[in-house]
Amino acid sequence: QVQLVESGGGLVQAGGSLRLSCAASGDTSCISAVVWYRQASGEERELVASVASGGTTYFRGSVKGRFTISRDNAKNTVYLQMNSLKSEDTAVYYCNAPKCRAWGQGTQVTVSS
């Protein structure tokens, strides 16, 4: 069983940056792609970015050019670097390892305008 723990959220002013981490523990052998989602209050959960085992990345249009995603397999950790943050990025951010059917507990990101 895999456990995912997100960290790095917080309160930041618009235009600022945050780096989220998703650390995996347990039986990590099932981990392939890792996906970041976010859910704003009263909204549906939406996919933000993903990184495949081979390093291929995907970003939703609204974060392209502002967010980057990377993985450190030695540390079993995936990072989401978020730059030029906007108020509409405010949400709880979750990481997901689909093949492991594992979700983290989420980390709150609040961007003040």
Side-chain angles (χ1 to χ4, degrees):
Q1 193 170 3
V2 171
Q3 294 78 46
L4 301 178
V5 178
E6 302 96 335
S7 61
L11 173 63
V12 64
Q13 288 188 329
S17 298
L18 284 173
R19 188 177 80 156
L20 305 184
S21 299
C22 172
S25 61
D27 182 5
T28 60
S29 61
C30 61
I31 294 178
S32 179
V34 176
V35 186
W36 282 97
Y37 290 82
R38 66 187 181 189
Q39 187 167 19
S41 180
E43 302 290 332
E44 296 284 324
R45 190 170 296 190
E46 61 184 20
L47 193 153
V48 177
S50 65
V51 58
S53 56
T56 301
T57 58
Y58 166 84
F59 299 93
R60 70 178 300 109
S62 61
V63 308
K64 277 184 181 177
R66 300 189 296 123
F67 291 12
T68 59
I69 189 170
S70 61
R71 62 194 296 163
D72 184 335
N73 291 329
K75 295 183 178 180
N76 290 318
T77 300
V78 171
Y79 304 98
L80 184 68
Q81 178 67 44
M82 307 186 296
N83 300 324
S84 302
L85 283 162
K86 305 176 181 179
S87 56
E88 50 263 44
D89 296 317
T90 294
V92 178
Y93 284 69
Y94 300 89
C95 65
N96 167 244
K99 282 195 173 182
C100 306
R101 299 180 183 178
W103 287 88
Q105 81 290 349
T107 186
Q108 176 70 48
V109 171
T110 303
V111 184
S112 63
S113 55

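One is the number of the first residue; the rest follow in order along the sequence. Basis for what follows: all heavy atoms, side chains included, without hydrogens, waters or symmetry-related copies.
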Where at least one partner belongs to residues 62-80, residue pairs that pass salt bridge (charged side-chain N to carboxylate O under 4.0 Å, His left out), sequence neighbours excluded: Arg66-Asp89
Residue pairs involving residues 32-93 (criterion disulfide bond (SG atoms under 2.5 Å apart); sequence neighbours excluded): none
Backbone of Val5 reached by a side-chain donor or acceptor of Gln105 within 3.5 Å: no
Close side-chain approach of Arg38 and Leu20, heavy atoms under 4.5 Å: no
Check: Arg45 side chain, Gln39 main-chain N or O, donor-acceptor pair, under 3.5 Å: no
Asn96 side-chain N/O to Ala102 backbone N/O, donor-acceptor pair under 3.5 Å: yes
Gln81 side chain to Arg19 backbone, donor-acceptor under 3.5 Å: no
same_hphob_cluster(Leu18, Phe59) at 4.5 Å side-chain heavy-atom cutoff: yes
Cluster check Leu80, Tyr94: I/L/V/M/F/W/Y, side chain < 4.5 angstrom: no
Heavy-atom side-chain proximity of Val35 to Pro98 below 4.5 angstrom: yes
Partner residues of Tyr79 under the ring-ring contact (aromatic ring centres under 6.0 Å, His included) criterion, sequence neighbours left out: none
Sub-4.5 Å side-chain heavy-atom contact between Ile31 and Asn76: no
